[in-house]
Amino acid sequence: MSTELGAGTVDSESRKGRGGVRFWRTSLILCSVLALLALGLGAAGVMRPPSLASASIAADRAVGTAGERLVLRSRLPVVPVQAEQVTVTPAVPFTVQTSESTVTLRFTAPLSYHTEYQVAISGVHSQYTTTIADWSYSFSTLVVTLYSLIAHRGDEAQDDTVVSNDQGRTSTLITAPGVESYVATRRFLVALSNADPDSSALVAVDRTTGASVPVAMPGTGLATELNAAPDGSRFGYVFTSTDGDSSYQNSLLVADAADLASPPVEVTASGQPLAVREWQFVPGVDAVVVVTPEEQAFLVYLDGGTPPVPLGPIGQLIGFLPGSSTLMAEGGGKQLLLDLASGLNADIPNTPDPDKRTFAGRRSFRAVGDYLVEFNTFKKRAGGTGVTTRLAHVTRAGTIDLFTLPDDQGQVLNSGLSPNGQLAWAVVLDPDAPLDDLSSGASEHATTRIFDLATGEQVASVRGSLPVWAS
């Protein structure tokens, strides 16, 4: 029996030994497989390129102000990208910064309306591997709507209309008497109606549906200087009470464009009343520039707690350069540029007159050395003096004529630039229009011609005046 037990024990031990061998053999095989897998994954990681994972841009804001950012993100940290690696089509000035896996392009000029942009970055290097990738991304800016005012003047005048213009199709959105001006916010059109000599009304409609929307006002009074913020979030006006209540005297009131039923808020100088003659919103900043009746200009922040910043004597505000915080104004008989970001001011040289009979007139600036100008040539004729106007785009590279209007084909009433500086416009009064239309503000006999400054070509012509673009 002991022999049998001994034989059984030997057999059992033998099986245990063989089981241990199999265990270690399996473990070694498994470890080898895992090592090979890790080696393969490591090699794959080493070979993985820094491909583009995502990109984002607020295209609606990019057409309104300079400085909008296109943020591109890689799957891996990348070596800093240089400007010469980046191509933007159509061309637009930009700066580039890299932080780990994020590359940011900052466009230093507003983008064009309704345009597809292609962004290509060549030779993007991974920080930790030897791999390289080429990136490409495209995005489109929004289609904008062009509005214009058809104004009637005279004792028996019809109501004025604000219309939208879409590829030759015109739709009436606002009908009201005595419309002096109007603005487009993100959702609404708001018009200032001064039909009554003692009181003003604000008329608003939904831009999409055309439905009328009530607008809260502080009482009975006269409103002037209607303006809207470049991003469409607010609008405001100068208001003087006429109902015996002296609460408002040349007061600047600012309203939330998303809630027309809420009363506007008065802009003050650190809580004290502030009389305003004219004013404008500052692009990209929660602030306004105001000119007092004494022709003193101030930068006023809308937080209510920051004291107004004096800007010096200014006779007239002309406007901000497209998409920037650089203000063009007139003062002391000359035109000035005030950079509100740096606090630096500079005089703008006059445009030389081409000859003895031709004079440089109204100018609208896109940038220093890049502007729209009217050249007016005067010629005596039977019954008076005729004016031939040449509208030109002047840059450091030269001058491009947009159009010339002979004196027998009408008269240029006004000209300017779209908010992003892409387009130029000129309001032309018909040659057979009543003489009073030259100064009355009537535009029923006028058309607005639109030019693309990139090509110098006329791209549209709409009835009326006061063109407004809004997305």
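What's counted below: heavy atoms across the whole structure, side chains too, no hydrogens, waters or symmetry copies. Because the structure is predicted, anything quoted here is derived from the model rather than measured.
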Please tabulate, one pair per line, all N/O donor-acceptor pairs under 3.5 Å involving side-chain atoms of residues 307-328, not counting sequence neighbours.
| from | atom 1 | to | atom 2 | distance (Å) |
| --- | --- | --- | --- | --- |
| Ser324 | OG | Leu321 | O | 3.0 |
| Ser324 | OG | Thr326 | N | 3.2 |

>> Show me the pairs that pass side chain to side chain donor-acceptor pair (under 3.5 Å) and involve residues 454-471, at least two apart or across chains.
In response: Ser443-Ser465

> Of Val190, Val163, Val162, which is the lone residue that meets side-chain contact (heavy atoms from CB on, under 4.5 Å) with Ile174?
Replying inline: Val162

>> Using only atom types and a distance under 3.5 Å, with no angle test, would you say the side chain of Asp370 pairs donor to acceptor with the backbone of Arg396?
In response: no

> Does Asp231 come within less than 4.0 Å of Arg61, counting only side-chain N to carboxylate O?
Replying inline: no

>> Run Gln411 and Leu438 through side chain to side chain contact (heavy atoms under 4.5 Å, CB included) and show every step you take.
In response: CA-CA 9 Å; Gln411 187 162 337; Leu438 288 172; 3.7 Å; yes

> Is it true that the NZ or CZ of Arg69 lies under 6.0 Å from the centre of Phe107's six-membered ring and within 45 degrees of the ring axis?
Replying inline: no

> Just how far is it from atom CZ of Arg234 to atom CZ of Phe281, taken to the nearest 0.5 Å?
Replying inline: 7.0 Å

> Where do Val205 and Val213 land on the side chain to side chain contact (heavy atoms under 4.5 Å, CB included) test, with the steps shown first?
Replying inline: CA-CA 5 Å; Val205 299; Val213 183; 5.9 Å; no

>> Tell me whether the NZ or CZ atom of Arg357 lies within the 45° cone about the ring axis of Phe378 and under 6.0 Å from its centre.
In response: no

>> Is it true that Thr351 and Arg363 share a donor-acceptor pair across their side chains at a distance under 3.5 Å?
In response: yes

>> Leu192 vs Leu202, test: side chain to side chain contact (heavy atoms under 4.5 Å, CB included). Steps then yes/no.
In response: CA-CA 5 Å; Leu192 175 59; Leu202 291 176; 3.9 Å; yes

> Would Tyr113 and Thr115 count as a side chain to side chain contact (heavy atoms under 4.5 Å, CB included) if you check the C-alpha gap in whole Å, the side-chain angles of each, and the deciding distance to 0.1 Å?
Replying inline: CA-CA 6 Å; Tyr113 303 129; Thr115 300; 5.7 Å; no

> Is Arg186 paired with Asp60 through a side-chain N to carboxylate O contact shorter than 4.0 Å?
Replying inline: no

>> Donor-acceptor pair, distance only, cut-off 3.5 Å: does the side chain of Gln409 make one with the backbone of Pro406?
In response: no

> So, Arg153 and Asp160, do they make that salt bridge, N to O below 4.0 Å?
Replying inline: yes

Would you tabulate the side-chain donor-acceptor contacts of residues 90-106 under 3.5 Å, counting partners in other chains and residues two or more places apart, or write 'none'?
| from | atom 1 | to | atom 2 | distance (Å) |
| --- | --- | --- | --- | --- |
| Thr98 | OG1 | Val81 | N | 2.9 |

>> Closer than 4.0 angstrom, basic N to acidic O: yes or no for Glu295 and Arg277?
In response: yes

> Hey, does the side chain of Trp135 reach the backbone of Pro50 with a donor-acceptor pair shorter than 3.5 angstrom?
Replying inline: yes

